[in-house]
Every structure is written in structure tokens, then in C-alpha cells.
Protein chains: 2
Amino acid sequence: MPRSREENERIRQSAMANIGSAAMEVFLERGYHAASIEDIAKRAGVAKGLIYNYYRGKEGLLAEIVRARTDEIAGVIEEAAASPEPSEQLRRIVEGALGHIDRNPKAYRFFLHLQTQPEEDKILSKYSEMLNKEMSRQFETQCDIFRRMGAEEPVLRSLYFSSTLHGVMLMKSVYPGYPVEEIQALIIREFCPDRPR
Amino acid sequence: MPRSREENERIRQSAMANIGSAAMEVFLERGYHAASIEDIAKRAGVAKGLIYNYYRGKEGLLAEIVRARTDEIAGVIEEAAASPEPSEQLRRIVEGALGHIDRNPKAYRFFLHLQTQPEEDKILSKYSEMLNKEMSRQFETQCDIFRRMGAEEPVLRSLYFSSTLHGVMLMKSVYPGYPVEEIQALIIREFCPDRPR
DNA sequence: GTCTATATTTGGATAGAC
DNA sequence: GTCTATCCAAATATAGAC
């Protein structure tokens, strides 16, 4: 007796998710170029061939992962924007960004690895581009926040803020024992003035 | 008539340097994994086979480049240490680091790409390790500087300083129009108090 | 000392059986 | 829907001629 359509659909969904998360794991562990389809198939417990049934190939897998990441970045902004207070918004950005990286340092490392890909790499630079674009959006919002806080040079200040924040994320993702908590406090003290004054 | 030993030696030196710098160029342009020996040979204007006469292979070429980089890092510290004034030392570190990256953004990007290589990549993580070690040395010196400046928490402050500095380098190497000059002024204002007080 | 030709390996992708 | 077997391209590395 043939499987029902619903049953098939469920199987497809589950297989696809399974392969997707296996790919995520292997990419984080090995990096994009060094990761092989073979590895991913092994990790997912399926045959190589099956992967091509669900994804366009290695690049298709990456595309999926990058999309998930941009969603995540957008989520942090959205979270921050929910507050009416600019100083509080900034604090949420800091906490959102550092909290996420603290939970999963390998992920940020991977994306950083991706973003530092040489531009000449036509395949990968496309995805690096996507990440940059999302970060640009975040940056715009940030500039607004600084404007509303009455900064003299909001854009420059926002840039300085971003630099610091990304520097911290970078260090955290590269050096295991990095004390995020303390540093986070420093950033907040530096950039987020207390409301009551 | 056979060539003299000196002549041979000269030719060897020159060929080796030629290949080495070609490798550097191609690595910066393409990244380690994507760069092929073929590319490097073409760039150097020699045959593929010859490269193996001078280097152990692709990895040997990378080793050479990383060694050059660690020397460069050490150079910045040395330069800074030449000043007796701690605040001035710090300023030299900032200027040295940012100056270098401004002159050659691709290089920093490449090394960052290398350092964000997943740890599981046994081959590359070795070189990533070498870079980290040199940076640790730099960090130690930095802590001393902050100590001598009378900071309350020199290590934490040094860490924060490094984070900011590397964040700026990261942004500069990824975003073309990044205004290093202005940001550099901000850092110096923040971390390097004027001597006369 | 350098080149050309070739061996070897690896990994992405496809075709067809079950 | 999944697997096995195979193809094909690319790239590292080596052998041997000049």
C-alpha cells in the first residue's frame, strides 16, 4: 500500500531538516571549503545522493544557513526596537549580540570566516554580501538610536560602537576564556547612559 | 661550462622569493583553500613542478607567510616599546596596527580569515595557533602598559582596548569606505590620556 | 634548475536500481 | 524516498626529460 501524501510530506520535511542541521554542524566544524558532502551525509546518516534530492548541492546548503543567520540578526534589532527608550535599545542590542555569541561561539566564528572570504571568491562572496546587507540595515537603525540620544556625531559614534561590539564578538569567538560578562558591562557603561540623570 | 656555486645560490634565492611573493598575492586574493598551486605557478611565471623543488607544497608556502606576519606583529610592539611614556606606547600600537591595515587591508583580512578557521582543520589551525601566540605576547606587553598607567583593572582594560582595536581593524578590512582616521582619533582620545595634565 | 607529462586523490554531482 | 555505483573535474604531487 502506498504512503499517503501527508505521510510523504512529513518524511520530506524531516529528512530535509535532518540534512540541514547536519550541514550546519559540519560547516561550523570544518569551514565551508573543507567540509565535504560526504561528511555531511555521514553526519546526517544518509547517502550522498540523497542530499541532492533536497538541496541544490553544497552551495544550496550554505544558502539555507545564511538565510537563517540573517533572520537571527534581524531578530536582535526587532527585539531592541520593542523598547521606547533609545539607551535601552542599545543595551538590548549589546545583550542580544553577546548573548547569542556566548551561547554559540562557533556560529559567529563561522560567519566571520565567511565575511573575511576574499572578494574574488565569486561563490562565497555572494553570501558574504547577504550578511553585510543585513548588518547594514542594523547599522542604520543604530544610527537613528544615537541620533535620538542626542549624540553630536551619530554616524561616527555608531560606527565606533559597532566596531567595539564586533571586536568583542571576534575576541570571544577566538579566545575561549574571554570574559564577556565584564566586558559587556564596560560597553554598556560606555555607550548606554542611565535614564535617570 | 657549469655555473658557479654562488651563481646557483643566487638563482635559488631569487626563484624562492619570487614564488613566495606570488603565493602571498594569490592567497590574499583567493584565500588558502581556493588558491591552487597552478594559480601560484602562473603568477610566478614558473611551472607547477618547480614549486615543489623549493617548498614542501601549499602548506609550506603558507608557513612562510605566517612567519612573516608574526614578525610584523612583533615589529609593532618593538616600535611601541621604544618610547618611555606608556600613553605614547599605546598610541604607537594604535597607529602601528591601523597604519599597517590601512596600507594593506587584504592582508589583515586574510589572517583574520585564517584565525577564524575552525579548530578541527588540523592543518590550518596550526598556523592560526602561531598567530594567536604572537598576539598573546603583544597582549602581555599591553597589560604592562596599562599597569604603568595606573589603571584599576589593567588586564580587563587591556582586553577592552584590544577588542576595540581589533574591531576597528575588522571593520576596516571588510568595509571599504570605513573612516579609520576619525575612529583612530576616538580610540586615542579614549585610551591614551595626554601627558601634561 | 626548470619544464612537461602523468599518476593519484579527492570530492562534487548524476543515473538508475530498489 | 533512499541507496549504490559511477562519472567527471580539479588539484596536489611526482617522475623523468632537457
Side-chain angles (χ1 to χ4, degrees), chain A residues 1-23 25-27 29-65 118 120-124 126-127, chain B residues 1-23 26-27 29-65 118 120-124 127:
Chain A
M1 171 170 39
R3 278 196 284 261
S4 72
R5 287 182 49 141
E6 295 80 16
E7 183 69 7
N8 264 340
E9 184 58 23
R10 259 203 26 229
I11 290 174
R12 282 186 61 83
Q13 293 277 341
S14 137
M16 199 166 173
N18 176 34
I19 292 171
S21 73
E25 284 178 31
V26 176
F27 280 155
E29 279 178 19
R30 298 255 224 274
Y32 180 78
H33 276 115
S36 75
I37 295 282
E38 176 72 37
D39 292 331
I40 296 171
K42 270 212 186 87
R43 181 69 57 103
V46 300
K48 270 203 295 186
L50 188 60
I51 292 180
Y52 293 90
N53 207 325
Y54 289 105
Y55 293 91
R56 284 165 173 280
K58 200 171 162 179
E59 195 183 337
L61 286 163
L62 179 64
E64 193 55 29
I65 287 172
E120 277 80 0
D121 190 322
K122 303 296 180 194
I123 317 156
L124 261 49
K126 182 166 53 171
Y127 298 99
Chain B
M1 171 170 37
R3 279 196 284 260
S4 73
R5 287 181 51 140
E6 294 80 18
E7 182 69 7
N8 264 339
E9 184 58 22
R10 260 205 23 231
I11 291 175
R12 281 186 61 83
Q13 293 277 342
S14 137
M16 199 166 173
N18 176 34
I19 292 171
S21 75
V26 176
F27 280 155
E29 279 178 21
R30 297 255 223 275
Y32 180 77
H33 276 115
S36 75
I37 295 283
E38 175 72 36
D39 292 331
I40 296 171
K42 270 213 186 84
R43 180 71 57 104
V46 301
K48 272 199 295 185
L50 189 60
I51 292 180
Y52 293 91
N53 206 323
Y54 288 105
Y55 293 91
R56 284 164 173 281
K58 203 171 161 179
E59 193 184 337
L61 286 163
L62 178 64
E64 192 56 29
I65 288 172
E120 278 79 2
D121 190 322
K122 302 296 181 193
I123 316 156
L124 261 50
Y127 299 99

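A note on names: the letters A, B, ... follow the listed sequences, proteins ahead of strands, and every chain is numbered from 1.
Comparing Glu9(B) and Gly49(A), the nucleotide of DNA chain C nearest to each residue sits closer to the 5' end for Glu9(B).
When heavy atoms are screened at a 4.0 angstrom cut-off, Ala41(A) is found touching no nucleic acid atom at all.
With dG1(D), dT2(C), dG12(C) as the choices, the nucleotide that has an atom nearest any side-chain atom of Ile37(A) turns out to be dG12(C). Among the nucleotides dT2(D), dT12(D), dT6(D), the one closest to any side-chain atom of Tyr52(B) is dT12(D). Side-chain proximity of Arg12(A) to dG1(D), dA13(D), dT6(D): nearest is dG1(D). Listed nucleotides dT4(D), dG1(D), dT14(C) differ in distance to Asn8(A); the shortest reach to its side chain belongs to dG1(D).
In this entry the distance linking NZ of Lys42(A) with P of dT2(D) reads 19 Å, nearest Å.
Taken residue by residue, residues 53-63 of chain A places heavy atoms nearer than 4.0 Å to DNA chain C at Gly57(A), Lys58(A).
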All N/O donor-acceptor pairs, side-chain side in residues 46-56 of chain B, below 3.5 Å, sequence neighbours left out:
unit_1   : atom_1 : unit_2   : atom_2 : d
Tyr55(B) : OH     : Met16(B) : O      : 3.1

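Pairs engaging residues 12-21 of chain A under the side-chain hydrogen bond (donor to acceptor under 3.5 Å, both in side chains) rule: Glu9(A)-Gln13(A) [sequence neighbours left out].
In this view, Arg30(B) and Asp39(B) satisfy the salt bridge (Lys or Arg N to Asp or Glu O under 4.0 Å) rule, not counting sequence neighbours. Remark: Glu59(B) pairs with Lys126(B), Tyr127(B) by the side chain to side chain donor-acceptor pair (under 3.5 Å) rule, at least two apart or across chains.
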